[in-house]
Every structure is written in structure tokens, then in C-alpha cells.
Amino acid sequence: MPQHSAIVGASAAGVSAAITMRSHGYEGRITVIDRDPHPPYERPPLSKLADGTLRPIIPPSQFRELDIELRLGSEVSGVDPIYRTLHLGAEGSLKVDSLLLSTGVAARRLTVPGFDLAHVLVLRDAADAASLADRLSAGGPLVVVGAGFIGLEIAALAREKGLDVTVVEIGSRPLQTLDEGIGLRLLELHQERGVRFVLGRTVQRFEGVNAVEEVVLDDGTRIPAATVVVGVGVEPRTELARAIGVRTDHQGIVVDACGRTDVPWVYAAGDVASQPHPDLVTGRGRIEHWDVALKHGATVGATMAGHPTAFTETPYVWSDQFGRTFQMFGRPHTTDELVMRGEASPDSYLGFWLRDNIVVAVCGFDRPRDVGAARRLIRLPVGTHRDALADGGSELRTLIKTITRGPGPQSNREEGVRTT
């Protein structure tokens, strides 16, 4: 009887894993299950497009061509780990030989009075995006709670549509986990375009009759709101993993470098995976980026197809705001030193994070070519060229060639395991 692999979560990681399994010669049955009724779609555009447009990850016809079965609008209601059986409620059960959990993360909600009022939104899926598009069309004022990437993108989108926008952030600046210089430049960019910020404050409650009308902060400040979007972080969706008995931690589902859990027939990939990675200071954790999810899913798919592959590729994230793009390769830590190159403004900059004189990450705003070139320096020591990184007068590509000619770091590879 042919093997049957099920993938729970039609996310970037899940779809990428299924495609890679086929390209690596897996001939068994592949079933992708997701509670969302829409064909698998890209998540990043949800906070960047005002009309709720969904972009497919791949053309729906490609699933048929690859003989990948989609069970959309379905949810795993239970699991029998002894017999490796997934229960789908009224749709019956599926017996599987291997299981990939690409269940992703859920938006963290503010459990304060009034959080259940109408027009208090989060943004994680197509239904959320449709609600947001409707509310942006209805007009402001809009209050965004949280100044992470999603919050800033929504604020920029709303301002471009002419809405009155206020961002409430508990920290002293946007993107609190990155360097102060990056956060303050993004703050200035938004303020120059009319976004108001209330920093160092938290939400005490939402008020309104049926629908939200005001946001009340911990200091008593009242902010009028026709719509509120809450973007204060996420929680890994580990319920199914825990029901099977798979090890989890506070970050998500614990996996090795190839995506294998401590239950031999279960794997995990994407945002939900607590994975080891050379760019993580802590040694393991979640890396919640679209590009990473695609590539991590591909490596886990290769492993499931019998070709063990470790995910070591440098993480990449981007964010579109006011017609410009922030890009970052690597995972900087708050203790790393940020070296900005040349003259940096809110509209354009290039930076390098250093740890023990080694480049661990690069970022740029509206500098795609420079960021693409500078990524070659990640994991390399800058040596005597450290000051030249900050010198905007030196030719960047010449400097990169000089540094990359030095010896690179050595890596230890598990025997029989490929790396990305």
C-alpha cells in the first residue's frame, strides 16, 4: 500500500513542503488540510493591499498536476496517535504514515473590557483582510495597537487612503526588538506623513455601543476610533502537536535542524516550529517570516521524502511602507551593534549589525541593490575594514569583495544531512 502523508496547514511552509516532496521523488499520497476555505494564498499582502485581494501561492491547477489533494474548509477535530489517524469531524478520518504540522501562529488578542466590540480587528487570514478592507473603505479614525511590522504597514496603508491614524505602542519606539536607530527613523517617516503615535502606553479598555467608538489608555487618554486593529504579537498553534504528545516549548513545536519532532512520524515547519538555527542567539526559536517559511517548508519536505536536509539559510524579511521597502537579512540581537553607512535618513539608509566584529545582519530602507550585495557579508569577520562599513564615501561593492576574500566561518555538518 502506498504511503500517505498529511500536511495540516495550507501555509507557505505546508505548500512548499508538499511541492518539494514531489520534486524529491515521493510517490505516495499527499493531503493538505486547512480550516480556511480559500485556495492557499500569500499572507504578506494582507497588510499591504486595501482591497482584500488574495494572491495564490501557486496556481490551483498545479496541485492537481502534482497530485496533491486539498481538504479546504476542514479542521482536524482529534487525533489517534496510536493508529496515526486524523479525525475531520463529519468528513470522516484519515489514516496517515507521516504528518507535517504547519499550523502557523494565531494573533494575540487584548483581553481587556470591550475587546469583543464590533470593528476591533486582528489580521491573520483572508477573513480578517476582508473585514479590514471594508473598514478602511468606511473611513477613520483608525487606531492601531502595536507598532510592529504589521501595525506600521496597516498605518501606512490607511494614511495613503486619507484616514486619520493613531498608533498606540507600549514601547518607546516602533520595532522595539530592533536597534533604536531603525525604530526612530521609521517613527519619523510615519510622523512626516501624518501618523500620530502614543508611545509608552497600553490599552485599558475599548468603549462603544455595540461597535468600538473610543480607545481608553492606561493614563486615561481617550482616542476616538471607528476601527481598531490589534497587532501585539502572536501565539504558536501547538494544540494538535500537544494532543499527539509531541514536545513543545514556549516558542512552538520543538524540531531538529531537519524539521523532525521527537515523535518519529511527525514533523513541523514554518512559523510554528521552534527550530535550531545558526542565526539565533538563543540557539532555537521561531522565525516568523514568509521567505523563511517557504524555504523551511522545502527543507522539511525534502526530509520527509527521504533526503534529510537541514535549514541554515540566512533569514530574510521585508516590509512595504509608503511606497518604500525595508529589507533585512539575518537575525540581529538587541545587544548587537548597528553600524549605519554614510548619511542615513528616514527615507533611505543601509546598516550592518556586528557581533564580536562579525556581520550578523544587514538592513536597508529603499536600498534593494545595496542590501542584496551586502548580504554576502553575513557571518564574515570585518577585521580592519570595520570603519569602512560606515564610510559612505567608500565604494560598497569594492569593500564587499575585499572582505569576502578572507576566510569564511567553518560549519559542522551532520553526516548524511544536506544544508540549504
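Sequence positions, counted from 1, serve as the residue numbers for this chain. In this text the structure is predicted, and so the values were computed from the model without any measurement.
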Could you pull out every donor-acceptor pair under 3.5 Å between side chains of residues 145-153 and any protein atom, sequence neighbours left out?
residue: E153; atom: OE1; partner: S47; partner atom: OG; Å: 2.4
residue: E153; atom: OE1; partner: K48; partner atom: NZ; Å: 3.3
residue: E153; atom: OE2; partner: K48; partner atom: NZ; Å: 3.3
residue: E153; atom: OE2; partner: S319; partner atom: OG; Å: 2.7

* Might you work through the side-chain contact (heavy atoms from CB on, under 4.5 Å) test for L136 and L142, ending with a clear yes or no? => CA-CA 8 Å; L136 293 182; L142 169 71; 4.3 Å; yes

* Asked: Is any side-chain heavy atom of D116 closer than 4.5 Å to a side-chain heavy atom of V120?
  -> no

* With a cut-off of 6.0 Å (strictly less than), are more than 12 heavy atoms of other residues, nucleotides or ligands near CD of E27? -> no

* Asked: Below 4.5 Å, heavy atoms only, C-beta onward: do S93 and T85 meet side chain to side chain?
  -> yes

* Is the backbone of S102 close enough, under 3.5 Å, to the side chain of S11 for a donor and an acceptor to pair up by distance? -> yes

* **Pairwise side-chain contact, V198 with V167, heavy-atom cut-off 4.5 Å (strictly under)** => no

* Full working for salt bridge (Lys or Arg N to Asp or Glu O under 4.0 Å) between R247 and D262 -> CA-CA 6 Å; R247 181 187 168 202; D262 61 340; over 6 Å; no

* Kindly say whether Y26 contributes a backbone atom to a donor-acceptor pair with the side chain of R22 at under 3.5 angstrom? => yes

* Counting N and O atoms only, with roles assigned by atom type, does the side chain of S16 sit under 3.5 Å from a partner on the main chain of L294, one being a donor and the other an acceptor? -> yes

* Asked: Have T335 and H333 got a donor and an acceptor in their side chains that come within less than 3.5 Å?
  -> yes

* **Any donor-acceptor pair under 3.5 Å from T221 side chain to L217 backbone** => no

* Look at the side chain of T299 and the backbone N and O of H296, then say whether any donor-acceptor pair between them is shorter than 3.5 Å. => yes

* Derivation and outcome, side-chain contact (heavy atoms from CB on, under 4.5 Å), residues V168 and I223 -> CA-CA 10 Å; V168 178; I223 306 173; 3.8 Å; yes

* Decide whether S345 and D347 meet the rule of one side-chain donor and one side-chain acceptor closer than 3.5 Å. => no

* Structure fact -> Of R331, R375, R379, R355, the one forming a salt bridge (Lys or Arg N to Asp or Glu O under 4.0 Å) with D279 is R379

* Residues K295, D291: salt bridge by 4.0 Å N-O rule -> yes

* Using a strict cut-off of less than 4.0 Å between a Lys/Arg side-chain nitrogen and an Asp/Glu carboxylate oxygen, indicate whether E235 and R237 qualify as a salt bridge. => no

* In terms of side-chain geometry, is the basic nitrogen of R124 or D128 positioned less than 4.0 Å from the acidic oxygen of its partner? -> no

* Residues H190 and Q321: side-chain donor-acceptor under 3.5 angstrom -> yes

* Keeping the roles fixed (side chain from T248, backbone from T238), state whether a donor-acceptor pair exists under 3.5 Å. => no

* 4.5 Å side-chain heavy-atom contact, V8 and T103 -> yes

* To do: Take T261 and Y267 through the test side-chain hydrogen bond (donor to acceptor under 3.5 Å, both in side chains) and record every step on the way to the result.
  => CA-CA 5 Å; T261 73; Y267 303 77; over 6 Å; no

* For atom CG of D219, is the number of surrounding heavy atoms from other residues, nucleotides or ligands below 6.0 Å larger than 12? -> yes

* Polar side-chain atom of S77 near backbone of H87 as donor-acceptor pair, under 3.5 Å -> yes

* **Residues R84 and D97 bridged, charged N to O under 4.0 Å** => no

* **Pairing residues for R109 by the side chain to side chain donor-acceptor pair (under 3.5 Å) criterion, not counting sequence neighbours** => none

* Is the count of non-hydrogen atoms from other residues, nucleotides or ligands lying under 6.0 Å from I170 atom CD1 greater than 12? -> no

* T166: partners by side chain to side chain donor-acceptor pair (under 3.5 Å), with sequence neighbours left out -> R196

* Polar side chain donor-acceptor pair, T312 to H277, under 3.5 angstrom -> no

* To do: Check whether any side-chain heavy atom of R324 lies under 4.5 Å from a side-chain heavy atom of F326, and answer yes or no.
  => no

* Asked: Is H4 reaching over with its side chain to a backbone N or O of K95, donor-acceptor style, under 3.5 angstrom?
  -> yes

* Does the side-chain contact (heavy atoms from CB on, under 4.5 Å) test come out yes or no for T31 and L70, once each step is laid out? -> CA-CA 6 Å; T31 305; L70 295 179; over 6 Å; no

* Looking just at side-chain N and O atoms, do S5 and S98 make a donor-acceptor pair shorter than 3.5 Å? -> yes

* Asked: Is any side-chain heavy atom of V382 closer than 4.5 Å to a side-chain heavy atom of L377?
  -> no

* CA sep, side-chain torsions, deciding dist, call: R242, I253, side-chain contact (heavy atoms from CB on, under 4.5 Å) -> CA-CA 9 Å; R242 287 185 278 110; I253 301 172; over 6 Å; no

* To do: Scan side-chain atoms only and decide if S348 and D366 contain a donor-acceptor pair under the 3.5 Å cut-off.
  => no

* Asked: Run the side-chain hydrogen bond (donor to acceptor under 3.5 Å, both in side chains) check on Y41 and D125 step by step: do they pass?
  -> CA-CA 9 Å; Y41 54 88; D125 58 26; 5.2 Å; no

* Asked: Do I154 and L132 come close enough that some side-chain heavy atom pair is under 4.5 Å?
  -> yes

* Should the pair E180-R173 be classified as a salt bridge under the 4.0 Å nitrogen-to-oxygen rule? -> no

* Are R193 and F322 in a cation-pi setup, meaning NZ or CZ lies under 6.0 angstrom from the ring centre and within 45 degrees of the ring axis? -> yes

* Asked: Do F197 and P174 have side chains that get closer than 4.5 Å, going by heavy atoms?
  -> yes

* Structure fact -> Minimal heavy-atom distance between R43 and W290, with the atoms involved, is N-CZ3, 3.5 Å

